[in-house]
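Read the structure below first, then the notes.
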Amino acid sequence: MCTHASIESVEGNQYWARTMDFPQDYFSVGGKVTFFPKGTPLKFYSKEINSGYDIIGLGLGKENLTLLDGINSAGLVGGLFYFEEATTATKEELVKQDKIPQVMNEMVTFFLSQCETIGDVMYLARQVAIVEGSKVGIDAPLPLHMTFMDHTGKGIVLEPMDNGEFTIHDNVTRTMTNSPTYDWHVTNLRNYVNLKSTNIDDLQLRDLLIKDIESGSGLIGLPGDYTSPSRFVKITMLTHMMPQPHDTDALKALYETFNAVIIPNGIENEGTTSCDSTTYWVGYDVYKKELLIRAKHNLTFFTISLENASQKFGADAGDFAFDLKEQFISLV
């Protein structure tokens, strides 16, 4: 389970954010901030290429091409999200269909290493399809879909729906969660057309005046649970109703809207041993090519940029290891 939203500042710059919801603490099970410089040889399932861009994101280390989310030096940003409806096909079937077989866990790195714009992503997405056995560096295969946005704010959702081939949706809401399909979520918003950011007027029923209860009545009916459809409605409504922020406050304002969908520990139990919760939140400043990260169990934020990574590692791929208590810095 995960939630995504993006916004534009008053100055016209783009900001992209997501939660990673998972049973384990991401940074305790191998999660790392990972940097791939331009020119890095990348051995994908389908082929080896040299990255055309600098890339930084949250992945599983420089020896693993999995990025759960990331941004490149052209300002293209994207991420992987859990998606039960995802399909795959055998390598032989994809070759017959003249599709490039590719594993899903490598796809964020795959696109960020080769694409500058959403148009580039769409062109490449029509050439590839997802082969059986894609994994995210853990023991069990995970079905996934993706969303990408470029520096103009244009975004798409890619869902492997037809034997591993991608269905492409324009991300008209600038948000995404998990199952069902993206177009279902957009249609479901029609159930919430009554929601508004202003309080409801008092109701006069003949001689009876019914007053609203304090403030916030415009959002009566906003879902309160943490299912994927409810999180989609909440994050879409809140990010579209929030005042448009300036660059100086954009990521802070975006994080505040995510408080409604950040999943606390203990409420999404699977049996007695597993429980999904938000293991990290990350916001991307697309103009600065900078990440702002809040990890689970931590009240402060860590920031790193492509420029910082390039200065530290130069032309070599690298992992950022950091102490969650000492190196995280405050947002305010």
Side-chain angles (χ1 to χ4, degrees), residues 1-7 15-23 68-69 78-87 104 107-108 130 136 140-149 155-162 166-197 200 216-242 254-271 274-283 296:
M1 297 294 186
C2 305
T3 304
H4 152 71
S6 65
I7 59 172
Y15 297 86
W16 188 102
R18 63 93 52 85
T19 59
M20 169 52 67
D21 306 327
F22 205 63
L68 304 182
D69 46 80
L80 294 167
F81 296 76
Y82 190 82
F83 180 60
E84 291 180 351
E85 288 81 359
T87 65
M104 192 66 182
M107 290 307 296
V108 169
I130 303 305
V136 186
L142 288 177
L144 301 163
H145 60 171
M146 296 175 289
T147 186
F148 287 91
M149 184 185 76
I156 57 171
V157 172
L158 300 177
E159 298 182 331
M161 293 293 298
D162 183 13
F166 286 110
T167 298
I168 303 174
H169 303 282
D170 287 334
N171 194 339
V172 294
T173 61
R174 299 182 63 125
T175 56
M176 195 173 90
T177 55
N178 312 104
S179 300
T181 59
Y182 177 76
D183 55 341
W184 184 97
H185 285 293
V186 175
T187 300
N188 185 50
L189 292 176
R190 296 174 66 181
N191 288 312
Y192 300 92
V193 293
N194 60 297
L195 299 181
K196 57 183 180 178
S197 59
I200 297 172
S217 57
L219 288 176
I220 289 177
L222 185 72
D225 61 82
Y226 292 93
T227 61
S228 177
S230 294
R231 285 183 285 109
F232 189 96
V233 172
K234 283 192 283 188
I235 199 65
T236 299
M237 293 297 176
L238 295 177
T239 52
H240 283 76
M241 290 178 180
M242 64 184 284
L254 186 52
Y255 174 76
E256 287 175 348
T257 67
F258 270 83
N259 284 321
V261 295
I262 289 175
I263 302 173
N265 195 36
I267 65 169
E268 287 200 5
N269 291 295
E270 296 285 346
S274 178
C275 178
D276 269 5
S277 61
T278 298
T279 187
Y280 72 76
W281 176 90
V282 62
K296 187 175 184 177

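Atom CD in Glu159 sits 11.5 Å away from atom CG in Leu144 (nearest 0.5 Å). With rounding to the nearest 0.5 angstrom, the OG1 atom of Thr87 is 7.0 Å from the CE atom of Met161. How far NZ of Lys234 is from OH of Tyr192: 10.5 Å, rounded to the nearest 0.5 Å. Distance NE2/His240 to OG1/Thr173: 6.5 Å, rounded to 0.5 Å. Asp21 contributes atom CG, which lies 5.5 Å from atom OG1 of Thr3 (distance to the nearest 0.5 angstrom).
The side chain to side chain donor-acceptor pair (under 3.5 Å) with Arg231 is formed by just one residue from the set Thr236, Thr19, Asp225, Asn178; it is Asn178. When each of Asp170, Thr147, Asn171 is tested with Ile156 by the rule side chain to side chain contact (heavy atoms under 4.5 Å, CB included), just one qualifies, namely Asp170.
With hydrogens and angles disregarded, a donor-acceptor distance shorter than 3.5 Å links the side chain of Thr177 to the backbone of Ser228. Formation of a donor-acceptor pair under 3.5 Å by the Arg18 side chain with backbone atoms of Leu80 is found in this model. Between the side chain of Arg174 and the backbone N or O of Gly155 there is no donor-acceptor pair closer than 3.5 Å.
Taking the six-membered ring where the residue is Trp, His185 and Phe232 present parallel rings, their angle staying beneath 30° rather than reaching 60°. Taking the six-membered ring for Trp and thresholds of 30 and 60 degrees, Trp281 and Tyr255 have ring planes more than 60 degrees apart, a perpendicular arrangement.
No side-chain heavy atom of Thr181 sits under 4.5 Å from any side-chain heavy atom of His145.
Side-chain contact, Thr257 with Thr239: no donor N or O sits under 3.5 Å from an acceptor N or O. Remark: the Thr167 side chain and the Tyr182 side chain contain no N/O donor-acceptor pair separated by less than 3.5 Å. Side chains of Tyr82 and Asp276: no donor on one and acceptor on the other come within 3.5 Å.
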| So Ile168 and Val157, side chain to side chain contact (heavy atoms under 4.5 Å, CB included) or not? Walk me through it. | CA-CA 6 Å; Ile168 303 174; Val157 172; over 6 Å; no
Any chance you could lay out the side chain to side chain contact (heavy atoms under 4.5 Å, CB included) test for Phe166 and Met107, step after step, and finish with the verdict? CA-CA 12 Å; Phe166 286 110; Met107 290 307 296; 4.2 Å; yes
